[in-house]
Amino acid sequence: MTTIGPVQQIVATIRAEMGARIAAGVAPKRAGTSAGTGTAAARKRSSALVAERVRALDPLDPDRGRKAFRIFLESVLLAELGEELINDPAFYTMVDQVQRTMEASPEIEAAMATAVARLLEPARSR
Amino acid sequence: MERASPAPRTRTPLLLPTLEEPALWAAARCGDAAARSRLIETYIPFARIMAAKLYAARIDYDIEFDDYVQYATVGLIESVDRFDPTYGNLFKTFAAHRIQGAVANGLEQLSEKRVQVATRRRLLAERRDCAAAALGGGGDLFQQLADVALSLALGFTLEDAAATLQAGADTLTHPYGALEMAQLRGRLQALVAGLPQRERLVIKSHYLNHLPFNQIADSMGITKGRVSQIHRSALEQLRKSMHAMRACDLAW
């Protein structure tokens with residue numbers, strides 16, 4: 001039997017959020033109310049938080065794309081490695097390293113740019 | 001036409017008046033900071049000359065003259081602080097040896113650092129290329145990028161775990177350190193021990209011994225591409241083991 005992993009949950013929620021916003025052109029509803037119990041519900045809430053945090057970014061911020069991807073990275077890594085890491089400053093240092101390393105590769109950076117455009121697209125169309 | 005008078009010299013003259021220098025040394029030895037500064041300023045041109053001589057005889061052409069001057073100045077300051085004029089030696093004779101030593105020590109540290117930085121950059125590039133294999137294979141872009149990020153994050157955590165192991169450092173004593181990342185490193189270390197032999201060997205060689213993939217390939221008698229595959233497989237197994245471990249923790 002295959003089970004859905006924490007990252008897949010985040011990815012699925014991000015896609016569902018974006019799809020819903022693009023289709024309906026309305027602000028998303030909060031996730032987590034019917035997501036079940038325990039960590040599954042917590043993960044769904046944190047997934048929805050990604051979209052909320054991205055929307056909260058200043059539309060005029062020139063570094064908005066990078067910040068949006070950083071939010072995605074933090075959520076993915078916390079979901080995979082343990083949400084308790086949120087309390088440790090060393091975790092954020094590691095996220096910095098990961099993001100810088102990804103940006104240093106033209107191939108990965110191109111994929112990141114596409115992902116950032118998708119993350120920011122619904123917010124722009126509002 | 002009257003000639004313009006030369007601009008006044010603002011730099012300290014190279015040589016002190018013969019009578020002034022002994023007084024300055026005596027004052028400096030008694031802790032007079034102004035006398036010490038005056039002596040250092042006076043002999044800075046001498047340190048530059050020494051730096052230029054050493055720079056002219058260099059064998060490493062990647063290091064700039066300014067680095068030589070910086071280390072020579074450090075040597076000069078140490079010389080001023082340690083010179084004892086009562087022995088009757090000339091300061092320049094005393095300082096020349098110390099400046100040479102300071103430059104040699106500084107260049108050695110600089111070279112070691114450069115080698116370490118270059119090695120780390122090469123290892124990181126290998127890991128990045130390995131992680132980038134998750135891209136372009138079809139499927140969701142966000143999932144692919146998440147896989148790349150997780151692969152790199154596991155790599156950084158393994159590297160930190162290896163560094164902690166080597167240094168024998170107690171991470172809890174770090175003023176800004178918290179417990180969570182240290183615990184994650186500990187869990188990963190334990191999981192590495194449970195990997196199959198080949199995977200364990202690649203992970204330990206790369207993260208603990210800082211060997212690039214081609215050297216690991218040579219030692220194992222396989223290709224670099226195969227090492228890359230084993231590395232990817234090892235990280236994937238570590239991810240799965242971490243899921244299983246966390247599921248157990250939550251169940252308890």
Side-chain angles (χ1 to χ4, degrees), chain A residues 3-15 18 38-40 42 47 50 69-70 72-119, chain B residues 120-121 123-137 139-160 164 171-172 174-185 187-188 235-236 238-240 242-247 249-251:
Chain A
T3 55
I4 185 164
V7 172
Q8 286 165 304
Q9 282 185 20
I10 285 187
V11 168
T13 310
I14 288 172
R15 291 195 67 76
M18 290 192 317
T39 52
S47 310
V50 174
F69 193 78
R70 163 86 184 205
F72 167 71
L73 269 187
E74 279 181 13
S75 304
V76 160
L77 295 178
L78 283 172
E80 182 80 9
L81 303 176
E83 284 164 5
E84 65 278 5
L85 296 175
I86 203 166
N87 300 316
D88 194 335
F91 168 73
Y92 299 97
T93 306
M94 186 188 68
V95 178
D96 283 340
Q97 287 178 312
V98 169
Q99 189 164 7
R100 278 200 307 271
T101 307
M102 291 175 80
E103 286 166 348
S105 160
E107 186 189 359
I108 303 175
E109 199 183 19
M112 286 165 75
T114 309
V116 165
R118 287 191 203 170
L119 278 172
Chain B
R120 185 173 154 69
R121 198 176 292 144
L123 295 179
L124 198 56
E126 283 183 333
R127 266 177 244 160
R128 194 179 54 223
D129 293 346
C130 193
L135 292 176
D140 189 279
L141 176 66
F142 286 98
Q143 182 66 57
Q144 291 174 7
L145 285 167
D147 288 340
V148 172
L150 284 164
S151 175
L152 290 170
L154 281 180
F156 285 122
T157 310
L158 281 167
E159 199 173 53
D160 286 348
T164 307
T171 49
L172 290 178
H174 192 281
Y176 298 109
L179 191 62
E180 289 80 6
M181 280 298 286
Q183 286 177 335
L184 175 65
R185 285 193 286 267
R187 280 202 299 273
L188 260 184
L235 293 184
E236 188 56 37
L238 287 173
R239 263 179 80 176
K240 283 181 183 163
M242 284 182 72
H243 281 176
M245 194 183 256
R246 289 187 66 207
D249 288 349
L250 291 170

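Lettering of chains follows the sequences in order, A, B, ..., and the numbering in each one begins at 1.
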Over all heavy atoms of both residues, which pair between [X] and [Y] is shortest? Give the atoms and the distance, please.
{"X": "B/R128", "Y": "A/A104", "answer": "NH1-CB, 3.5 Å"}
{"X": "A/D88", "Y": "B/M181", "answer": "OD2-N, 2.8 Å"}
{"X": "A/L81", "Y": "B/A153", "answer": "CD1-CB, 4.3 Å"}
{"X": "B/F142", "Y": "A/F72", "answer": "O-CZ, 3.4 Å"}
{"X": "A/V76", "Y": "B/A146", "answer": "CG1-CB, 3.7 Å"}

Is any side-chain heavy atom of [X] closer than 4.5 Å to a side-chain heavy atom of [Y]?
{"X": "B/F156", "Y": "A/T93", "answer": "no"}
{"X": "B/L145", "Y": "A/I108", "answer": "yes"}
{"X": "B/H243", "Y": "A/E80", "answer": "yes"}

A/L85 portion near chain B, given a 4.5 angstrom heavy-atom threshold
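Both parts, heavy atoms under 4.5 Å.
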Out of curiosity, [X] [atom1] to [Y] [atom2], how far, rounded to the nearest 0.5 Å?
{"X": "B/T157", "Y": "A/M94", "atom1": "OG1", "atom2": "CE", "value": "4.5 Å"}
{"X": "A/S105", "Y": "B/L124", "atom1": "OG", "atom2": "CG", "value": "11.0 Å"}
{"X": "B/L141", "Y": "A/M112", "atom1": "CG", "atom2": "CE", "value": "10.5 Å"}

Side chain, backbone, both or neither: which part of B/L154 has a heavy atom under 4.5 Å from chain A?
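When you check distances to chain A, only side chain atoms of B/L154 fall under 4.5 Å.
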